[in-house]
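Here the structure is a predicted model, which means the values were calculated and not measured.
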Amino acid sequence: MNGNKPAKSTNILILGLGGVGYYLAKRLVHEGYAITAIEQDSELLRHADGNIDARLIHGNAMSIHCWREADAKKMDYLISVTNNDAVNMMSCQIGDRFGIPRKIARVRSREFGNKNSFLNAEDLKIDLIIHPEELVAQEIFRLIKLRAGNDIIDVAKGQIQAMATRIHEESPLAYRKLKDISIEYNEFPFRVVAIARGITTLIPSGEDELLPQDQVFFMARNKNLTSLMGLTGVEQQKRHRVMIVGGGLVGCRLAELLGKIVQIRLIEKDESVAQELSFALKNAEVLHGDGSDSDVLVSAGLLEMDTFITATGENETNIMTCVLAKHLMTSQNTQKQRKCIALVNKEDYVVLAATMGSDLALNKKILAGNKILKFIRRGELLSVAHLHGFDAEMVEIVAAPNSPITRKPLSKLDSYYNGKIMIGSIHSEGVWRIAVGDTHIQSNQRAIVVCMSQHLKDVQRLFLA
């Protein structure tokens, strides 16, 4: 499949080097794209200059002079991710006049860009519109509606599934090496493809040991998911009572989405905002109070909840409130599993949050960035999914004829790839199979690979001729 070939000469213009812009620039430069960025804030520019090998221009995104300095007419993509919706939308109009073929804009307002909007994406000359808060709300909604709040990712059109769960002290898998686990639990094939421990993500080998409090991603075939959930102690019943702390854009939208299918209780610290939400959210109970206070949480009915979500605008509040809620919920003598989900706006805190007490940590900048990366990479990789709470990606890719991956079995791969890349599954004889050490990938065979985020280019190097 020649669609796997990376576009090495692709030129990308990024407007804005805040959270999403900086994250994208760093990832795209690492993957070999030619990046030019325009940023008005000199502090952000200085930070980027010391960390990213890109052409940086100090100036206003609305300055045509800056666009000409950036040689905009030679760009293949425009990514406008400033903190101003109007600037991002207008930038795509300017980009269209410069002849940039593909244009991406971050727009927080849901009044623009939809099919039924007064101005839709076609009117605005935008090929992809990103609503970061909407992405987070929809992802949590998907997990609670379909998977009882468990983080389960469908790949290979649902034939293969990756599931994240925490290893508890009493788990039969705790303090066991992966090679010993695979020997003892051999009724069905599965693999541990990533481990979040402390602030570190590991792509494990058979010698690695699972420890209590590890957040672990398992991979198995769809038909074996129930057995895998039984082995790891993951409950399968649907969640039905949800508490949200924070009534901002994410919290409000999430309550709006979930209110139609589960019982919702939302706590908002600002009294006037809480009053507005109580009128706006017809299917949710809105309470005024400090959701980081244990007395408030217990009075609001925390101990009756199945899923607890922190969606305030403060990283520390979200993480520590999840730790507090998890402690209060698990202090009860009950076998019932409760889920805690934290919205974390700082990328460095995502893995930390997932190991401190949150069962799932979501970052809207990473979600928005990965949506854009997927759009740009289409044709190079069949699909890419970010593993929430892990600094890792799951990639579906095709092995090009005579590519390095086709020359030897997985167990014989260069030791350079140990701890960086793991082949999870391969497509063979019409079905997906879990890969093992003696698996030998053939030309034009599809595979699902898990890798550290910064080693995505090594996956491409392995699989491309």
Side-chain angles (χ1 to χ4, degrees), residues 7 10-25 27-28 33-41 57 59-139 141-142 248-250 252-254 256-257 280 364-380 383-384:
T10 302
N11 296 303
I12 300 176
L13 175 60
I14 298 177
L15 305 181
L17 285 172
V20 177
Y22 178 76
Y23 173 79
L24 282 169
R27 291 290 301 274
L28 290 168
Y33 293 92
I35 302 299
T36 300
I38 299 174
E39 172 56 58
Q40 191 169 13
D41 189 307
I57 296 171
N60 192 311
M62 289 288 95
S63 166
I64 302 302
H65 172 75
C66 288
W67 284 71
R68 290 198 171 110
E69 186 182 344
D71 214 356
K73 63 181 182 296
K74 292 185 179 177
M75 296 295 159
D76 300 294
Y77 287 89
L78 166 68
I79 303 174
S80 190
V81 285
T82 75
N83 58 7
N84 188 310
D85 281 2
V87 169
N88 294 338
M89 290 187 283
M90 179 58 74
S91 296
C92 289
Q93 303 273 341
I94 297 171
D96 190 64
R97 292 296 296 269
F98 272 102
I100 301 176
R102 289 168 288 275
K103 298 163 289 294
I104 301 165
R106 178 176 69 177
V107 181
R108 286 194 170 93
S109 171
R110 290 192 289 124
E111 289 188 297
F112 298 97
N114 299 310
K115 288 181 181 178
N116 300 322
S117 299
F118 182 71
L119 291 175
N120 60 33
E122 189 177 351
D123 296 328
L124 297 166
K125 309 294 185 186
I126 303 175
D127 298 285
L128 176 67
I129 290 183
I130 297 295
H131 302 282
E133 290 79 13
E134 181 72 9
L135 284 174
V136 176
Q138 290 286 354
E139 180 64 6
F141 174 69
R142 179 186 73 82
L249 288 173
V250 174
C252 176
R253 178 58 175 155
L254 189 53
E256 188 180 345
L257 290 168
K364 63 184 178 184
K365 287 183 281 192
I366 291 177
L367 282 173
N370 285 334
K371 180 100 173 169
I372 294 170
L373 287 169
K374 186 175 181 181
F375 180 80
I376 292 172
R377 294 179 187 132
R378 70 201 192 286
E380 296 173 18
S383 67
V384 180

Answer whether the closest heavy-atom distance between the side chains of [X] and [Y] falls below 4.5 Å.
X      : Y      : answer
Leu13  : Asp71  : no
Val107 : Leu124 : no
Leu373 : Arg27  : yes
Leu249 : Glu134 : no
Phe375 : Tyr77  : yes
Ile104 : Leu78  : no
Ile79  : Leu28  : yes
Asn60  : Ile38  : no

If you count the non-hydrogen atoms of other residues, nucleotides and ligands that lie under 6.0 Å from CD in Gln93, is the total more than 12? yes

Neighbour count above 12 (heavy atom, 6.0 Å) for Met62 CE: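 Yes.
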
In terms of relative ring orientation, are Phe98 and Trp67 parallel, tilted or perpendicular, with 30° and 60° separating the classes?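 Judged by the thresholds at 30° and 60°, the geometry between Phe98 and Trp67 is parallel.
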
Closest non-hydrogen atom pair between Thr36 and Ala70, with its separation: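 Heavy-atom minimum between the residues: CG2-CB, 3.8 Å.
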
Considering all heavy atoms of both residues, which atom of Cys66 and which atom of Ile57 are nearest to each other, and what is their separation?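 Smallest heavy-atom distance, with atoms named: O-CD1, 4.1 Å.
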
Between NZ on residue Lys371 and CD on residue Glu139, distance to nearest 0.5 Å: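 Reported to 0.5 Å precision, the distance equals 10.5 Å.
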
Between CG on residue Leu15 and OG on residue Ser91, distance to nearest 0.5 Å: 5.0 Å

State, without any angle test, whether Tyr23 and Asn370 hold a side-chain donor-acceptor pair at a distance under 3.5 Å. yes

Report yes or no: do Asp85 and Ser109 form a side-chain donor-acceptor pair below 3.5 Å?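 Distance-only check fails for Asp85 and Ser109.
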
Among Arg110, Gln138, Lys364, exactly one meets side chain to side chain donor-acceptor pair (under 3.5 Å) together with Glu133. Which residue is that? Lys364

Test salt bridge (Lys or Arg N to Asp or Glu O under 4.0 Å) applied to Lys103 - qualifying residues, sequence neighbours left out: Asp96, Asp127

Pairing residues for Gln40 by the side-chain hydrogen bond (donor to acceptor under 3.5 Å, both in side chains) criterion, not counting sequence neighbours: none

Intermediate values then yes/no, side-chain contact (heavy atoms from CB on, under 4.5 Å), Val81 and Leu17: CA-CA 8 Å; Val81 285; Leu17 285 172; over 6 Å; no

Begin with the C-alpha distance, continue with both residues' side-chain angles, and end with the deciding distance and a verdict on side-chain hydrogen bond (donor to acceptor under 3.5 Å, both in side chains) for Asp76 and Thr10. CA-CA 6 Å; Asp76 300 294; Thr10 302; 4.8 Å; no

Take Phe118 and Asp123, measure what side-chain contact (heavy atoms from CB on, under 4.5 Å) needs, and give me the verdict at the end. CA-CA 9 Å; Phe118 182 71; Asp123 296 328; over 6 Å; no

